[in-house]
Amino acid sequence: MFNRRNFIKKAALAGTGAILIPEIVDAAMPDVQSFNETSGTKFHSNNVILFQGDSITDAKRKKDKEDKANDREMLGNGYAMFTSAELLSMYPDKNLQIYNRGISGNKVFQLQERWEKDCISLQPDVLSILIGVNDLWHTKSGKYNGSVATYTDDYRNLLTETKNKFPNIKLVICEPFTIKGGRVLNDSWFPDFDGYRAIAKTLAKEFHATFVPFQAVFDKAVEKAPASYWGEDGVHPSMAGAMLMKTTWIKAVC
């Protein structure tokens, strides 16, 4: 007989010991409910849920199917798909309408450029945003000359516009993260990247959003298995990393 706990246990097996993703999440985020002003998002019938961000959210989704809610290919193969599947299984009576509009390589200003089409027009009731790693990463390659101040201003403006359009929207701000030990990371990322993480948390508080603390969870996860297990390059999660993100999101939000 199918047993969800045993499935997760087997899916997360590495090395010589069993790694239970829910236990990693529980150990990493004991104070998230005290940070978030409210615990437990109340989903209502026909709610529109939108996942936004960069390649971590995009996860090779099919752009030609992006207007079809709850479509497996539209949702990609990452945490947005796993989280959507969990939400749909949790609330089968709600007729939730879930979309993924993440685009690989995006920084905050690029979200702004497509916000009318890829957010406002969908009229989301719940909006989850994960953005920030490219805002630093692309400065390392010379592709971008932004800063943490740019990230702050652009992100605040985006959230202000969204709240002005939809005063009752439920915002979920996901913490940008790195997977320590990943191959693209080096000392030049730190402590600069910590500033981007801190701003995401500050803006979550400012806009009364739910904060999803991905960094603490991945830090705990690499104590149990190497970075290559969770996401080899240190930025893009593996299937196990995406499951870790899903479990973290559900615990923080639901």
Side-chain angles (χ1 to χ4, degrees), residues 29 31-39 41 47-58 79-80 83 99-140 143-178 189-218 235 245 248-249 252-253:
M29 49 186 289
D31 62 346
V32 69
Q33 277 77 21
S34 64
F35 173 84
N36 290 323
E37 294 181 359
T38 58
S39 59
T41 295
N47 271 178
V48 174
I49 302 167
L50 173 62
F51 289 91
Q52 265 290 3
D54 52 35
S55 58
I56 302 171
T57 302
D58 183 331
Y79 83 95
T83 305
Y99 297 89
N100 179 357
R101 291 289 177 89
I103 292 186
S104 181
N106 267 192
K107 298 169 279 294
V108 179
F109 82 88
Q110 291 162 315
L111 293 186
Q112 180 68 68
E113 290 174 347
R114 59 187 182 85
W115 209 237
E116 182 65 38
K117 173 182 177 292
D118 286 342
C119 178
I120 303 302
S121 67
L122 291 170
Q123 300 184 356
D125 300 289
V126 180
L127 170 63
S128 177
I129 307 174
L130 172 57
I131 197 76
V133 69
N134 292 323
D135 294 76
L136 176 66
W137 193 5
H138 290 180
T139 68
K140 304 299 179 185
K143 296 180 180 179
Y144 182 57
N145 63 355
S147 66
V148 69
T150 308
Y151 175 77
T152 304
D153 292 342
D154 289 352
Y155 209 162
R156 180 176 283 117
N157 290 340
L158 189 74
L159 294 170
T160 298
E161 175 188 349
T162 306
K163 287 289 285 185
N164 285 343
K165 291 276 188 179
F166 308 113
N168 297 320
I169 195 170
K170 174 66 176 179
L171 292 173
V172 178
I173 294 182
C174 300
E175 181 181 29
F177 64 91
T178 58
W189 281 63
F190 309 100
D192 292 352
F193 188 67
D194 296 332
Y196 292 81
R197 292 174 41 234
I199 289 302
K201 188 172 185 178
T202 295
L203 291 174
K205 192 75 170 178
E206 182 179 330
F207 285 87
H208 308 288
T210 296
F211 181 69
V212 183
F214 283 138
Q215 188 64 66
V217 174
F218 275 103
V235 172
M245 293 177 70
T248 305
W249 196 99
V253 176

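Just the heavy atoms: all of them, side chains too, but no hydrogens, waters or symmetry mates, feed the values below. FYI, the numbering just counts along the sequence from 1.
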* Do S128 and I49 have side-chain heavy atoms sitting under 4.5 Å apart? -> no
* Side chains of T41 and V172 in contact at under 4.5 Å (non-hydrogen atoms) -> no
* In Å and rounded to the nearest 0.5 Å, what is the OG1 to OH distance from T178 to Y196? -> 13.5 Å
* Asked: With a 4.5 Å heavy-atom cut-off, do F177 and I56 have their side chains touching?
  -> yes
* Under the side-chain contact (heavy atoms from CB on, under 4.5 Å) test, residues paired with N47 that sit two or more places apart -> F43, H44, L96, D125
* Considering only heavy atoms from C-beta outward, does the side chain of N100 approach that of T57 to under 4.5 Å? -> yes
* Do the side chain of T139 and the main chain of L136 share a donor and acceptor less than 3.5 angstrom apart? -> yes
* Determine, step by step, whether T150 and K107 satisfy the side chain to side chain contact (heavy atoms under 4.5 Å, CB included) criterion, reporting the C-alpha distance in whole Å, the side-chain angles of both residues, the deciding distance to 0.1 Å, and the verdict. => CA-CA 10 Å; T150 308; K107 298 169 279 294; over 6 Å; no
* Where is the tightest heavy-atom contact between A200 and P176, given as atom of each residue plus distance? -> CB-CD, 3.7 Å
* To do: With rounding to the nearest 0.5 Å, note down the distance linking CG in L122 to CD in E116.
  => 10.0 Å
* If you look at every heavy atom in P213 and M29, which pair is closest and at what distance? -> CG-CB, 4.0 Å
* **Flag side-chain contact, heavy atom, 4.5 Å: D54 against Q110** => no
* Is the count of non-hydrogen atoms from other residues, nucleotides or ligands lying under 6.0 Å from K165 atom NZ greater than 12? -> no
* Asked: How are the rings of W137 and W189 set relative to one another: parallel (under 30°), tilted (30 to 60°) or perpendicular (over 60°)?
  -> tilted
* Could you go through the side chain to side chain contact (heavy atoms under 4.5 Å, CB included) check for K163 and L171 one step at a time? => CA-CA 9 Å; K163 287 289 285 185; L171 292 173; 3.8 Å; yes
* Does some side-chain heavy atom of L159 sit less than 4.5 Å from a side-chain heavy atom of I173? -> yes
* **Those residues that, when tested against Q112, pass side-chain contact (heavy atoms from CB on, under 4.5 Å) (two or more places apart)** => W115, L158, E161
* Quick check: does any side chain N or O of D135 sit under 3.5 Å from a backbone N or O of V108, one acting as donor and the other as acceptor? -> yes
* Asked: Quick one: does K140's side chain get under 4.5 Å of D192's, heavy atoms only?
  -> yes
* Of F51, Y79, F214, which is the lone residue that meets ring pair (Phe, Tyr, Trp, His ring centres under 6.0 Å) with W249? -> F51
* Asked: Which one of E113, Q52, R101, R114 satisfies the side-chain hydrogen bond (donor to acceptor under 3.5 Å, both in side chains) criterion with N106?
  -> R114
* **Aromatic ring pairing Y144/F109, orientation class (parallel under 30°, perpendicular over 60°, tilted between)** => parallel
* Are D118 and Y99 side-chain neighbours, meaning at least one heavy-atom pair lies under 4.5 Å? -> no
* To do: Please assess I129 against Y155 for the test side chain to side chain contact (heavy atoms under 4.5 Å, CB included), listing each intermediate value before the final yes or no.
  => CA-CA 10 Å; I129 307 174; Y155 209 162; 3.4 Å; yes
* Find the distance between CD (Q215) and CG (D194) and round it off to the nearest 0.5 Å. => 7.5 Å
* If you measure from CD on E175 to CZ on F211, what distance do you get to the nearest 0.5 Å? -> 4.0 Å
* To do: Could you tell me how the ring of F190 sits relative to the ring of F193: parallel (under 30°), tilted (30 to 60°) or perpendicular (over 60°)?
  => perpendicular
